There are 2 protein chains.
Amino acid sequence: MELTTAEENYLKAIYHLSEEGKKSVSTNDIAASIQTKPASVSDMLRKLGEKEVIQYRKYYGLQITELGKRLALQTIRKHRLWEVFLVDKLHFAWDEVHEVAEQLEHIQSTLLIERLDAYLNYPKFDPHGDPIPDEYGDVRSRPRIALNEMNIDQGGQIVAVKDSSAAFLRYLDKVGAYIGARIKVLDKVEFDGSVEILVDQKKTLFMSKDVASNILVLQS
Amino acid sequence: MELTTAEENYLKAIYHLSEEGKKSVSTNDIAASIQTKPASVSDMLRKLGEKEVIQYRKYYGLQITELGKRLALQTIRKHRLWEVFLVDKLHFAWDEVHEVAEQLEHIQSTLLIERLDAYLNYPKFDPHGDPIPDEYGDVRSRPRIALNEMNIDQGGQIVAVKDSSAAFLRYLDKVGAYIGARIKVLDKVEFDGSVEILVDQKKTLFMSKDVASNILVLQS
DNA sequence: CTTTATTTTTAGATTAATCTAATTTTAATT
DNA sequence: AATTAAAATTAGATTAATCTAAAAATAAAG
Ligand SMILES: [Mn+2]
Ligand SMILES: [Mn+2]
Ligand SMILES: [Mn+2]
Ligand SMILES: [Mn+2]
């Protein structure tokens with residue numbers, strides 16, 4: 001069973017939206033997430049239903065199937081491996097990889113992905129801290145908490161970002177909040193949810209709730 | 001001006017056929033070379049004509065334009081750089097790279113190709129001995145002669161193969177005729193055009209005219 | 001110079017992916 | 001419960017790439 005590039009993109013979007021814990025994934029959500037029109041989504045849902053990667057009853061909603069999950073995770077695996085390649089080997093900045101990986105993830109060759117994985121030394125996380133599924137679709141995820149939800153005096157290590165937009169990533173570069181940085185919450189402002197943190201025991205940083213909620217921390 | 005994947009494939013085929021020194025490139029030739037039907041080719045020729053990558057007058061024939069050459073060489077450059085990557089870095093065999101490179105050549109990102117080129121140390125030839133055009137489309141080609149056209153006692157070095165099919169390349173692997181091998185023509189059979197050669201001053205090899213005509217040698 | 005063969009193009013369909021506009025269904029408000 | 005609003009689907013077009021079958025143009029034979 002092989003999917004087209006468009007089908008892979010839809011399925012990936014559906015998988016991501018499903019994982020976000022929402023009760024169910026709406027046609028509009030999908031349309032927004034892949035920048036297309038709801039009418040196109042309806043059409044594609046019917047096709048994905050026929051291919052049995054989702055269970056779909058019109059107007060009722062959809063559910064991704066086990067087969068669908070497996071295929072989505074394969075695409076995600078490829079996407080993230082290519083991101084590691086671009087950053088580690090070709091020295092792309094972490095905000096420059098997304099578009100290219102979006103294309104590379106659709107290259108069809110199991111040998112290629114096996115070899116790439118080995119070449120990169122079987123990485124477990126991509127440049128944004130997201131876990132790379134293994135070839136069977138198993139994901140080893142770490143328990144993570146959004147920075148804005150930590151309490152004062154708690155410490156930890158930045159392990160991932162929720163938002164991978166170039167604007168956000170470049171902002172993090174600028175303020176020195178990189179993946180792997182050790183942080184500690186110094187203060188929280190009740191009023192607007194902004195936080196003050198200590199980075200690597202030397203630099204203090206203020207950030208809005210909006211920013212903090214997009215930074216994921218492994219608590220220590 | 002951007003081309004679709006299909007357009008890039010057609011243009012590449014047209015460029016290769018044009019270079020083969022034929023008077024002109026026929027619709028049927030193109031169809032055969034990319035495994036499609038002449039009717040589809042006619043249609044595409046009209047489109048490529050409109051995009052001015054070829055000059056096309058129906059029934060009369062076509063001529064690739066300067067713009068067309070430039071774009072074709074860009075795709076060929078990408079194809080060959082990826083082939084080098086697959087062989088040098090991911091340890092693909094030289095007969096395993098073609099299909100994958102056929103997909104990778106369509107990835108759109110100038111940054112990616114610049115970085116890949118640098119990462120591979122600006123290779124000048126691909127695993128099959130074909131020259132890699134620079135970013136401006138300049139090709140530094142070496143004077144080469146088909147092995148079956150050499151005379152007895154002449155020597156040289158295998159620098160490329162004309163046929164890149166897996167079957168042919170695996171045959172060459174088996175008999176030990178690799179790119180870079182130093183050879184000398186020991187004997188030629190007038191009757192069927194087959195040749196006997198000495199490889200690396202230690203191994204003698206018989207090969208049919210058909211095989212020899214697909215091996216290109218830099219004479220010394 | 002006709003007739004035949006070959007090559008090339010057109011006509012008409014098909015499949016995939018997308019859109020706008022209209023319709024239908026479900027959800028929310030009075 | 002009736003009306004309005006929102007969400008989802010369908011209808012009908014469009015663009016790209018392909019195919020088969022038919023027609024037209026060119027080339028080759030006689
Ligand atoms: Mn994609
Ligand atoms: Mn990522
Ligand atoms: Mn290709
Ligand atoms: Mn090659």
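What you see is a predicted model, and the numbers here were worked out from it, not measured in a lab.
- Out of D:dT18, C:dA16, D:dT9, the shortest distance to the side chain of A:K58 is found at D:dT9.
- Of all nucleotides listed (C:dA17, C:dT10, D:dT18), D:dT18 comes nearest to the side chain of B:D43.
- One atom, NZ of B:K37, and another, P of C:dT7, lie 15 Å apart when rounded to the nearest Å.
- A straight line from CG of A:N9 to P of C:dA16 spans 17 Å, rounded to a whole angstrom.
- The OH-P distance, from B:Y56 to C:dT10, rounds to 6 Å in whole Å.
- Put simply, CG on B:L3 is 19 Å from P on D:dT15, counting in whole angstrom units.
- Comparing C:dA16, C:dC19, D:dA8 against the side chain of A:T4 picks out C:dA16 as the nearest.
- The B:N28 side chain lies nearest to C:dT8 when the options are C:dT9, C:dA17, C:dT8.
- Mapping A:Y60 and B:Q35 onto DNA chain D by nearest heavy atom places A:Y60 at the nucleotide closer to the 5' end.
- Within 6.0 Å of atom NZ in B:K209, 12 or fewer heavy atoms from other residues, nucleotides or ligands are found, so the atom counts as exposed in its surroundings.
- Nearest-nucleotide positions on DNA chain C for A:Y10 and B:L45 put B:L45 closer to the 5' end.
- For D:dA17, neither phosphate oxygen OP1 nor OP2 lies less than 4.0 angstrom from any side-chain nitrogen or oxygen of B:T36.
- Contacts of A:T27 with the nucleic acid, taken as non-hydrogen atoms under 4.0 Å apart, involve only primed sugar atoms and P, OP1 or OP2.
- With rounding to whole Å, B:R57 atom CZ is found 17 Å from D:dA24 atom C1'.
- Atom CG of A:L11 is separated from atom P of C:dA17 by 13 Å (rounded to the nearest Å).
- Taking atom CD1 of A:I30 as the reference point, atom P of D:dA7 lies 14 Å away to the nearest angstrom.
- In plain terms, the two heavy atoms of B:I54 and B:L62 that are nearest each other are CD1-CB, 4.3 Å.
- The interatomic distance linking A:R46 (CZ) with D:dA11 (C1') rounds to 13 Å, in whole Å.
- With 3.5 Å as the limit, one finds a donor-acceptor pair spanning the side chains of B:W94 and B:D173.
- Aromatic ring centres of B:Y10 and B:Y15 lie farther apart than the 6.0 Å criterion allows.
- Side-chain proximity of B:Y59 to the nucleotides D:dA25, C:dC19, D:dA17 is greatest for D:dA25.
- Residue B:E52 places its CD atom among 12 or fewer non-hydrogen atoms of other residues, nucleotides or ligands, all under 6.0 Å distant.
- Dashed line: the shortest gap from a side-chain N or O of A:S42 to OP1 or OP2 of D:dT9 is under 4.0 Å.
- In this structure, B:A39 reaches the bases: a heavy-atom distance under 4.0 Å links it to at least one base atom across the strands shown.
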